[in-house]
A.B. asks: 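Structure incoming, see below.
Within every chain, numbering begins at 1; the chains are lettered A, B, ... in the order of the sequence lines, protein sequences first and strands thereafter. Predicted, not measured: the structure shown is a model, and the values here were computed from it.
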Amino acid sequence: MEQLTHHKKSFFSQYIFSTDHKVIGIQYFVTGMVMAAVGGFLAYVFRYNLAFPGAKIPFFGELSAQQYNEFITCHGMIMVLWVAMPILISALGNLIIPLQIGADDMAFPTLNMLSYWFFVVSCIVLLASFFVPGGASSGGWTLYPPLSANAYRNTNPDFWSALFSGNSMMILAVALEIVSMLMGGINFLVTSINMRAPGMTPFRVPILVWFLNIASLDFMFSVGPLIAGAVMLLLDNVIGTGFYDPARGGDPILFQHLFWFFGHPEVYVILLPSLGAMAEIISVFSRKPIFAYKTIVYMALISSVLAVMVWAHHQFVSGIDPRMATFFSVGTIIISIPFAGIFLSYMATLWGGSIRFSVPMIWALGFIGLFLIGGLTGLFLGSNSFDIYVHGTYFVIAHFHYTLFPIVFFGGFAAFYYWFPKFSGKTLNDTLGKIHFWLTFFSFNATFFVLFFNGLAGQHRRINDYAMFPSLMQEPYITFEKISTIGTIVLILSQFIFLYNFINSLIRGKKAENNPWNAATLEWQTQSPPPHGNFSVPPVVYNGPYDYSMPDRAEDFIPQNVQSEKK
Amino acid sequence: MNQSPHFVKIRAVPQGRLALWMLIAGEFVIFGGLIIGYILFRLRNPEWAEQAKHTNTLLGALNMLVLLTGSYVGVRAHMAAINNQVNKVVMWMSVSIGCGFLFLINKSIEYSREISHGFTFTSPKLQEAGNNIGSLFWSFYYIMTGLHAAHVLVGIIIFSAILIQARKGQNLHRVELGVMYWHMVDIIWIFLFPLLYIAK
Amino acid sequence: MEDTLGVVIPDPKTDYHGHLNYGKIYVWLLILFAVSLTSAFLFSHVAAIATVFVIAIIQAGLIARNFMHLKFEPVLIWIIAIAAVFCLVMFLYGMYIDITPVTREIAK
C-alpha cells in the first residue's frame, strides 16, 4: 500500500502518457477495437452494396464505385494492420509478457509509450485520408502499383497535393504503424530474454510468450523490404520517380515481391500469438498439461523459418516465373506440417482432459474448428494449378476470412474473456458471453461459407455492381450474396452484446478472484488487477507453466511460483 | 520433479546492446531490400553502365576512408568509456562526430556535382532525351545514398546527445550503443560503395 | 558474476577480453580498401567486380566481428545476425528470376 502511494501520479501521466505496460496494453486494445468498428462498418456498407446493387444503404446512403474501391482497400488495411496487429501483438504482448515471465514492467517503458503514440498518429493519418480531395487509397489493400502509384500523379502534378493524396497518406500511415510495431517487437524480445524471473528457464516460459516472441522476430526480419518498397512507392507518388513504372525501366512485380515478402510472414505474425493464447486456454480448461510443449515450440520456430520462403504463392496470377511457382507451391504445402503439428498437439491436449466449457474455452474450440476450414482451403490455394482458376473469385475471399477472422476475433475474444478478470478485477456475464459466441459463430459461417460455393461457381471478386454483369446477377449467386450480407449484419449486431457485457461488467460486475480459472501461470498468482510493479513479492519459479492434474495436491494444479513438496 | 539443475547456464547480453543488435538486424533487412532491388535491375539493364560512369569514385572513396576512420575512432571511444576515461571519450567522440560531418560535406559536394550535370531524382533531362532507363539509375542512386546519409545524420545526432552526457561522466555505457550504430552505418557504406562507385 | 538465474552477468572489462588490437584491424581495413580500389586496374572487369565484393564481405566481417565485438557475443546474437542474412538470401533467390532475366519488352 505504501508503495502505491509513493507511485501516485497525475491522471495525465497515469492513464494517458503512461509507461506502465498494463495501461499501454489496454490503450492498444481499446484503439484496436475502435478501428475494428471502423473496419466493420466499411465491410457492412460494401457487403450491402454487393447483395443489393444500387440500393440506398441504411446509415450510409448510396455507394459510388470510387467509394466502393476506397472502402475495400481501407477495410483490408485496417483489419490487418490496425486491428489484428495492435490487438494480438501489442495488446496481448504488453499485457501478458511481463506478467507471465514475472517482470515488473517492460525492458524499455518509455519506448513502449512512444510506440503506442506512433500507433495513434498512424490511425489518425489513415482516418484523415478519407477526407482529402480524391478520397482514400483505392487500389486494393495490397497497394499494387500502378493503381497505387500514378493515379493521383496524373491529375495533380504538384508536390503537396500529391503528398496529401489518399495513396501517399496510406503509405505514410503504414510506415508509422510499422515503426510502432518494430519498437514494440524489439521491446518484447528484450523483455522476454532479459527480464525473466529467477527460475524461469526457456522451457518454463508459457507458450504464449514463446509465440509472441517468434512472431516479433518474424515481423522484424520480413518488414524491411516493405519499408524500402514503401519509400520507393511514396517517391513514385510524390516526386514522380519510376521505380514501378515499366515504361521507365521499373517493374510493378518488384513491389509485389517487396510487399508479399512481408505480407505472408505477417499472416504467421498474427496467427502465432492467437495460437499461443489458445494453448493457455485449452490447457487450463482441459485441466491437462499441454501435449508436447517442446514440439509445439520447435514447430513454431520451423514455421517461422519457412514463412520467409513461401511468399510468392500470392502472385501465381501476377506473371511470375512458373519454375519458381512450383518452388513456392511446394513450400506452401510444407508449411502446413508444423501448423498441423501444433493443432494436433492441441487436440491431443483435449483428449482425455476434464474439459470445462467456460466462455473462453468455447471461443477457443470455435477458433480451432473454424481455422481448420481456413487452413485446409489454404492447401488448395497453395497448389498453383488450382490457384490460377480461383484466384480472381470469391473462393479466395472466403478462404482468407476463414483464416483471419478466427485468428483475430475468435482468438481475440477467447483471450479477452480469459484475461478480462485479471486486468479489470471484475467478472463478465457468462450467459451473455455464450450468446455472443453462438451468434458470432453462426453469422460468421453464414457470411463466408456460402462464398466458397460462389467462388467455385466462378463469381468474380473486385466488382462493385453485379447488376452490370447479368451473367453474375443470377441464381444461385444472388441468393448466396444476400445470405452473406444478412450474415454480416447479424455478425456486426451481435458485437453489441459484447460491448454491453464489457461496459456493464466494468461498472457493475462482481469482483473477480485472483485466480478464477485455477491457472498455474504467473499472472494469476498476483492480485486482480495487478498493482503497479505487478508482484508484491518478486516471484521465483519452480515449475513448468502447465502443471495441471497433479494427483498429490488439494487443488489439482501447482502454480509456477510454488515449490512442490514432493521431491 | 524439479531435481535436475533447473538453472540453465546462459550468458546474458545487457538489454541496451541486445535491443541494438535487433535494430541493426532490422536495418540490414531494410537496406538489403533496396540493395537487392538495385542489383537485380542493374543486371537487367546493362545500359546503366553509361550512367554509372558519372558517379564520382574519388569522393566515394574519400567517404569510405572517412567512415572507416570514424569507425576506428568510435571503437577507441568505446574502450575509453569502458575504462572510465572521460577526457578520452570526449576527444574520440568529437573526432568521430567530425568524421560524420566530413562525410556529409563530401556528400553534398558530390550531390551538387551530380545535380549540376542534370542528374536528379527524376533526371528530367535524361527523360526528355528519351533515356528513361537511365533516369531510373539515378533514382536508385539517390534513394540508396540518401537513406544512408540520413542514417549518418541520425548517427551524428545520437553521438551529440551521448557526448553531452558523457562530458559530465554520466551514462558512459551509452557510448557503446552509439558506436555500434556508427559501425552499422559504416558496414552499409562498405556495400554501397562498390555497388555504385566501382562496379561500373 | 552470476545472478540467481544462473545467468552470467556480462562485465565489459572481461567481456571483450580487453586486448583486441584495434589499430591492426584498422590497418587491415585500409589495405583491403586499397586493394579493392586498385583491382579495377589490375584485373578484367568481371574479376575486378568479384574481388571488390569479396573484399566488401571481408571488410564487413572484420568490422562486425572486431569493432562490434560480435566474436565475443553469445549464440543468441549470432542467430539474429544469421537470420537477417538468411532472409535476404531467400529474398534474392525468390526475386531474381522475375526481375533480371525479364527483358523490358516483356515487362511492358
Side-chain angles (χ1 to χ4, degrees), chain B residues 5-14 17-18 21-22 24-29 31-33 35-37 39-45 57 61 64-65 68-69 71-76 78-79 81-83 133 173 176 179-180 182-184 186-188 190-195 198-200, chain C residues 2-10 12-13 15-16 18 20 22-23 25-27 29-30 33 36-37 39-40 45 48-49 52-53 55-57 59-61 63-64 66-70 73-77 80-81 83-85 87-89 91-92 95-96 98-104 107:
Chain B
H6 53 252
F7 295 138
V8 179
K9 207 156 186 162
I10 42 173
R11 239 192 77 214
V13 184
R17 208 200 299 164
L18 187 58
W21 273 113
M22 288 171 185
I24 288 171
E27 292 266 16
F28 266 26
V29 189
F31 275 96
I35 288 174
I36 287 173
I39 293 174
L40 294 178
F41 276 103
R42 178 73 180 79
L43 294 174
R44 186 208 260 187
N45 301 318
T57 312
M64 179 86 158
L65 207 60
L68 283 177
T69 312
S71 234
Y72 171 66
V73 171
V75 87
R76 296 306 295 267
H78 175 192
M79 285 305 121
I82 286 177
N83 298 324
I133 314 303
H173 64 278
E176 174 186 11
V179 170
M180 272 175 73
W182 206 236
H183 294 319
M184 177 198 79
D186 192 8
I187 290 181
I188 292 168
I190 284 177
F191 286 105
L192 289 186
F193 173 69
L195 276 176
I198 302 220
K200 288 187 168 177
Chain C
E2 283 186 22
D3 75 350
T4 43
L5 240 181
V7 172
V8 183
I9 300 292
K13 278 185 189 156
D15 214 20
Y16 296 137
L20 274 182
Y22 297 106
I25 290 153
Y26 178 58
V27 171
L29 285 170
L30 292 183
F33 176 52
S36 79
L37 271 183
S39 70
H45 192 62
I49 288 175
V52 165
F53 281 102
I55 285 176
I57 290 168
Q59 280 182 321
I63 290 187
N66 299 297
F67 284 3
M68 294 167 95
H69 303 103
L70 186 60
E73 295 288 15
V75 75
L76 180 72
I77 304 293
I80 294 173
V85 174
C87 285
L88 288 176
V89 170
F91 189 58
L92 181 63
M95 254 176 59
Y96 173 78
D98 283 333
I99 305 284
T100 302
V102 182
T103 58
R104 276 190 311 281

A.B. asks: Sort C/Ile25 into side chain, backbone, both or neither according to what part of it lies under 4.5 angstrom from a heavy atom of chain B.
C.D. replies: neither
A.B. asks: So what's closer than 4.5 Å to chain B heavy atoms on C/Leu88: side chain, backbone, both or neither?
C.D. replies: both
A.B. asks: Chain B heavy atoms under 4.5 Å from C/Ala64: which part of the residue, side chain, backbone, both or neither?
C.D. replies: both
A.B. asks: Heavy-atom distance under 4.5 Å to chain B: side chain of C/Tyr96, backbone, both or neither?
C.D. replies: both
A.B. asks: Is B/Val29 close to C/Phe91 at the side-chain level, that is, under 4.5 Å between some pair of heavy atoms?
C.D. replies: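 No - every pair of side-chain heavy atoms lies 4.5 Å or more apart.
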A.B. asks: Does the side chain of B/Ile198 reach to within under 4.5 Å of the side chain of C/Leu37, using non-hydrogen atoms?
C.D. replies: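 B/Ile198 reaches C/Leu37 side chain to side chain.
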A.B. asks: Quick one: are B/Met64 and C/Gln59 in side-chain contact, heavy atoms under 4.5 Å?
C.D. replies: yes
A.B. asks: For chain C, which of B/Ala81, B/Ala61, B/Gly74 has the most heavy-atom pairs under 4.5 Å?
C.D. replies: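 Of the candidates given, the most pairs with chain C belong to B/Ala61.
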A.B. asks: Got a sec, which residues hit side-chain contact (heavy atoms from CB on, under 4.5 Å) with B/Leu65, two or more places apart in sequence or on another chain?
C.D. replies: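 Testing B/Leu65 for side-chain contact (heavy atoms from CB on, under 4.5 Å), a comparison that skips the adjacent residues, returns C/Leu30, C/Phe33.
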A.B. asks: Return the set of residues passing ring pair (Phe, Tyr, Trp, His ring centres under 6.0 Å) with B/Phe31 (not counting sequence neighbours), or none when no residue passes.
C.D. replies: B/His151
A.B. asks: For the residue pair C/Ala56 and B/Pro194, what are the closest heavy atoms and their distance?
C.D. replies: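 For C/Ala56 versus B/Pro194, the nearest heavy atoms are CB-CG, 4.2 Å.
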A.B. asks: Parallel, tilted or perpendicular: which describes the rings of C/Phe67 and B/His183, with under 30° parallel and over 60° perpendicular?
C.D. replies: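 If you compare the ring of C/Phe67 with that of B/His183, the planes turn out tilted.
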A.B. asks: Flag the one option from B/Phe191, B/Tyr72, B/Phe41 with the top tally of heavy-atom pairs under 4.5 Å to chain C.
C.D. replies: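 Among B/Phe191, B/Tyr72, B/Phe41, the one with the most close pairs to chain C is B/Tyr72.
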A.B. asks: Using heavy-atom distances under 4.5 Å, tell me whether C/Ile77 contacts chain B through its side chain, its backbone, both, or neither.
C.D. replies: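 Side chain only.
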A.B. asks: With a 4.5 angstrom heavy-atom cut-off, could you sort out which part of C/Ile55 is near chain B: side chain, backbone, both or neither?
C.D. replies: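 C/Ile55 has no heavy atom closer than 4.5 Å to chain B.
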A.B. asks: So for C/Ala81, is it side chain, backbone, both, or neither that comes closer than 4.5 Å to the heavy atoms of chain B?
C.D. replies: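 For C/Ala81, neither part sits under 4.5 Å from chain B.
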A.B. asks: If we define contacts as heavy-atom pairs under 4.5 Å, which of B/Leu40, B/Leu195, B/Thr69 has the most with chain C?
C.D. replies: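 Maximum pair count with chain C is reached by B/Leu40.
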